[in-house]
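As structure tokens, the structure follows; a few thoughts come after it.
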Amino acid sequence: MSFQFALRFESGERRGEVVPVAIADAQGGVFTIGRRPGNSLQVTDPSVSGSHAEIELAGGTLRIRDLDSTNGTEVAGRRVRQAELGHGQQFVLGKVEFSVIDRAAGAAEDASGPALELELPLSDDPVGLDRTQLQQRDEGFEITADDLARSRRTSKLGPILLVGLAALAGGAYYWTTTRAGADEESSRRARTAQKVAAPSGHMLAGYSFEDTAGWLFDEGDGSQFLRTGGAAVSGRRGARVELAGGEEGLLVSEAVRVPGPIEVSAMVRTEAEIDARIGVRFTGGEDLPELTLWSGAAPAGDDFTELALAVTAPPGYSHAAVLLRGLSAAPEPADDEDPPLATMDVDDVAMVPGGDGSPLHSVASWRVVSAARATGGHGALALASLDRTLVPRLRIAESSGEGDVPMSVSANGGDLVLRPATDGVLEILVHRDLAGDGLASIGGGDEAGYAGHGQSFDAASAASLLLGEDANLVRVGFPGPRAAAARPVGDDVLVRAAVSAGEELRLQLDFSEERTLAQRLARRADEERREGRSGDSLRTWSELLTDVPFDSALVQRAAAGQSEIVAEGILELKALSAEVERASFFGLEELYREKLARAQELRTRFRGSDVETASAALADEISSALEALGGGDAAAEAARLEGIAEALREAGSVGLAGRVDNYRQRDPDGSQR
């Protein structure tokens with residue numbers, strides 16, 4: 001068998017040695033170079049990596065590709081990831097230099113054909129036999145009869161040289177016989193590769209990594225995936241990534257337009273240290289955040305297994321890209337360690353139409369879509385109103401945050417009931433338009449009541465979360481109070497709260513009955529206030545905010561009504577405090593008792609507000625003063641009151657002096673003498 005190309009060692013122990021590039025253009029395939037056994041060309045120099053580079057032949061052109069080697073690949077003095085190689089081109093792997101010999105190009109330069117030199121380790125050559133030529137024939141590189149005859153004619157060392165040439169010929173025979181099986185296998189794999197066909201309806205440009213079409217191998221995002229034959233399931237190549245502890249490898253396909261529900265799948269083989277998943281990244285209009293949905297993790301093992309994910313693009317999302325990700329859970333190595341690597345292999349990645357894109361739930365203007373399905377339930381939901389996706393993702397995240405917890409979904413009246421299969425964290429990605437309308441929580445337990453929030457908040461005891469307002473309002477109800485938090489994610493907001501396996505989470509989108517009740521409560525609160533029952537009005541507004549805060553206009557009225565009533569109570573409380581201060585000057589028990597009754601009435605009327613608290617404190621103060629009056633000397637008290645009455649008459653306050661006189665004339669039981 002003859003080949004068009006060969007490589008010549010230009011440095012090192014093997015300097016001058018020529019090795020044919022044993023791949024044929026018609027067959028495809030790759031020629032690998034590395035330090036490990038099993039490569040097409042094994043180079044034992046320590047500067048060369050175990051799998052350093054590979055050469056492929058397509059369209060009569062050689063292309064070299066670095067396989068993420070430690071010391072890199074240089075072509076024409078420049079470090080490259082991949083490059084074309086021409087006749088006479090020099091390249092360096094680690095510290096080992098090579099040059100390329102192209103029989104066709106050489107023949108064009110010299111019709112007689114340039115000689116391919118085999119240098120022998122002879123220090124002295126009196127007869128000029130230290131250069132034996134391997135002639136470059138039309139059929140390829142071969143040892144000719146003329147070479148052997150010339151060696152016999154010109155040297156006493158002919159027999160020795162013949163032995164060497166015979167060994168070389170034996171090597172050639174070994175190459176053409178023992179390697180024939182490998183060539184045949186390579187040819188068989190190449191033919192198999194040509195027969196590899198993507199599933200019907202496949203949407204991606206690439207399927208089994210026979211070339212780079214459709215995949216962003218060099219997108220500069222930290223992706224370390226390389227195409228290699230060792231990762232193939234079908235055809236010649238698959239994609240492989242080797243990761244040290246804490247590293248992540250990500251391979252992304254080009255985004256394609258998706259008309260509806262799709263199913264994505266991949267054949268994956270991974271070692272135990274790597275969390276390997278397939279995902280889909282949806283994109284749409286400029287105002288929509290990127291939406292990424294993931295499958296479960298692939299099981300570790302020696303065999304390939306299929307990962308699959310059924311997803312539906314929420315309204316407004318038009319394009320999808322497939323993601324392949326490996327995340328090493330091994331400890332990060334120390335700086336001075338040579339880290340152990342774990343491997344993830346992927347092949348035969350498909351995206352085909354499929355699945356049910358019909359809404360899970362429709363009410364009013366809302367549609368709930370199963371954005372991702374998982375084994376045992378739904379992986380993620382999306383909520384759209386009038387064809388606008390306002391909640392791109394609602395999911396129960398695994399405690400690790402990597403995957404989705406399956407959840408069952410069922411209708412209960414107008415609500416949707418979600419039940420997570422295991423403990424996890426509820427994550428709601430709220431679109432900026434919905435978050436801009438308002439975020440709120442309804443407290444439970446001792447913290448019952450409505451509380452409005454900004455786009456970043458922490459609620460210690462939330463029984464419900466409210467997203468948006470009016471026609472675009474979403475309520476997520478919990479079976480019991482829990483901590484909830486929200487944080488901005490770009491222009492959008494991510495809301496999170498812990499949930500338990502099997503508990504019911506209620507998703508409410510229709511509030512027509514609650515809004516009718518809220519209107520009734522608002523009318524009652526107004527009537528109570530007109531009748532002077534400020535405390536009752538205050539409590540009615542509180543009931544509206546706690547139970548049915550689903551109409552933004554009524555929520556604003558309730559908050560304003562409460563503020564006005566509380567302001568009135570504060571004014572009354574200030575006036576009463578001033579009267580108590582005057583009463584303390586006179587020390588009249590009757591005045592104290594009158595003020596005490598008013599303080600208690602304020603406390604009752606404004607129950608549940610700051611006025612109640614302040615009124616209770618004032619009542620306690622008055623009660624203490626009354627106790628002090630009851631414990632004094634009667635004669636001394638009578639003299640004190642007579643002095644006060646006399647001072648009032650001198651000041652012209654005759655009426656007030658008379659009241660003091662009347663108070664002095666009372667019996668201890670309070671009756672007039």
Side-chain angles (χ1 to χ4, degrees), residues 2-10 18-35 38-43 48-94 96-106 108 140-141 182-183 186-187 189-191 193-194 196 205-220 223-232 235-241 251 254 347:
S2 61
F3 301 98
Q4 177 181 347
F5 294 95
L7 302 180
R8 180 164 52 204
F9 284 84
E10 300 292 351
V18 177
V19 178
V21 178
I23 51 179
D25 197 359
Q27 296 176 343
V30 292
F31 182 88
T32 61
I33 308 174
R35 195 175 66 252
N39 284 286
S40 305
L41 174 58
Q42 184 181 8
V43 181
V48 176
S49 295
S51 296
H52 196 109
E54 66 179 15
I55 294 175
E56 63 179 354
L57 175 61
T61 301
L62 283 185
R63 178 177 290 273
I64 190 168
R65 178 181 295 106
D66 186 83
L67 298 179
D68 200 22
S69 63
T70 301
N71 294 317
T73 298
E74 293 184 5
V75 176
R78 183 172 62 89
R79 186 160 180 166
V80 298
R81 182 72 176 269
Q82 61 182 15
E84 291 187 358
L85 298 175
H87 178 60
Q89 182 81 62
Q90 292 195 340
F91 64 93
V92 181
L93 305 184
V96 182
E97 299 178 13
F98 299 84
S99 62
V100 177
I101 300 173
D102 180 351
R103 174 179 58 84
F141 294 99
D183 290 336
S186 176
S187 177
R189 291 187 63 190
R191 291 193 298 272
Q194 294 169 359
V196 171
Y207 171 61
S208 60
F209 300 110
E210 296 313 290
D211 52 39
T212 59
W215 292 93
L216 308 178
F217 277 90
D218 299 317
E219 65 176 354
S223 170
Q224 301 150 313
F225 278 87
L226 297 170
R227 293 164 56 246
T228 176
R236 298 168 299 177
R237 293 189 184 90
R240 170 173 291 176
V241 64
L251 180 60
E254 294 176 347
D347 200 15

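What you see is a predicted model; the values in this text were computed from it and never measured.
- Smallest separation of non-hydrogen atoms from G86 and V100: O-CB, 3.4 Å.
- In plain terms, the two heavy atoms of N39 and G50 that are nearest each other are ND2-O, 3.1 Å.
- Side-chain contact between L251 and V241 is absent, with no heavy-atom pair separated by less than 4.5 Å.
- At a threshold of 4.5 Å between non-hydrogen side-chain atoms, the residues L85 and F5 do not count as touching.
- With values rounded to the nearest 0.5 angstrom, F91 atom CZ is found 4.5 Å from I64 atom CD1.
- Take R63 and apply the salt bridge (charged side-chain N to carboxylate O under 4.0 Å, His left out) test, not counting sequence neighbours, and it matches E84.
- Contact between F225 and A239 at its shortest, heavy atoms only, is CD2-CB, 3.9 Å.
- With sequence neighbours excluded, the residues forming a side-chain hydrogen bond (donor to acceptor under 3.5 Å, both in side chains) with S99 are E10, listed by chain and number.
- In this view, R240 and D345 satisfy the salt bridge (charged side-chain N to carboxylate O under 4.0 Å, His left out) rule, not counting sequence neighbours.
- Atom CG of L226 sits about 11.5 Å away from atom CZ of R237, to the nearest 0.5 Å.
- Remark: E97 engages no residue in a salt bridge (charged side-chain N to carboxylate O under 4.0 Å, His left out) (not counting sequence neighbours).
- Using a 4.5 Å cut-off on side-chain heavy atoms (C-beta onward), V30 and R236 make no contact.
- Residues D347 and A231 share a closest heavy-atom pair of CB-O, 3.7 Å.
- In this structure T228 satisfies the side-chain hydrogen bond (donor to acceptor under 3.5 Å, both in side chains) test with no other residue, sequence neighbours excluded.
- Taking CG from L57 and CD1 from I23, the interatomic distance works out to 5.0 Å, rounded to the nearest 0.5 Å.
- Between G94 and V92, the shortest heavy-atom contact is O-CG1, 3.3 Å.
- Taken to the nearest 0.5 Å, the CG atom of L7 stands 7.5 Å off from the CG atom of L62.
- Not counting sequence neighbours, the partners of R65 by the salt bridge (charged side-chain N to carboxylate O under 4.0 Å, His left out) test are E54, E56.
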**OP:** Check the pair F9, V19 against side chain to side chain contact (heavy atoms under 4.5 Å, CB included), reporting the backbone distance first and the verdict last.
**Re:** CA-CA 8 Å; F9 284 84; V19 178; 4.1 Å; yes
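- Residue H52 is tested with L67, D66, L41, T70 for a side chain to side chain contact (heavy atoms under 4.5 Å, CB included); the sole match is D66.
- Formation of a donor-acceptor pair under 3.5 Å by the R227 side chain with backbone atoms of F209 is found in this model.
- In this structure a side-chain-to-backbone donor-acceptor pair under 3.5 Å is missing from E254 to L216.
- Residues V96 and V48 are in side-chain contact: their nearest non-hydrogen atoms beyond the backbone lie under 4.5 Å apart.
- No donor-acceptor distance shorter than 3.5 angstrom exists from the side chain of Q90 to the backbone of F98, with no hydrogens or angles considered.
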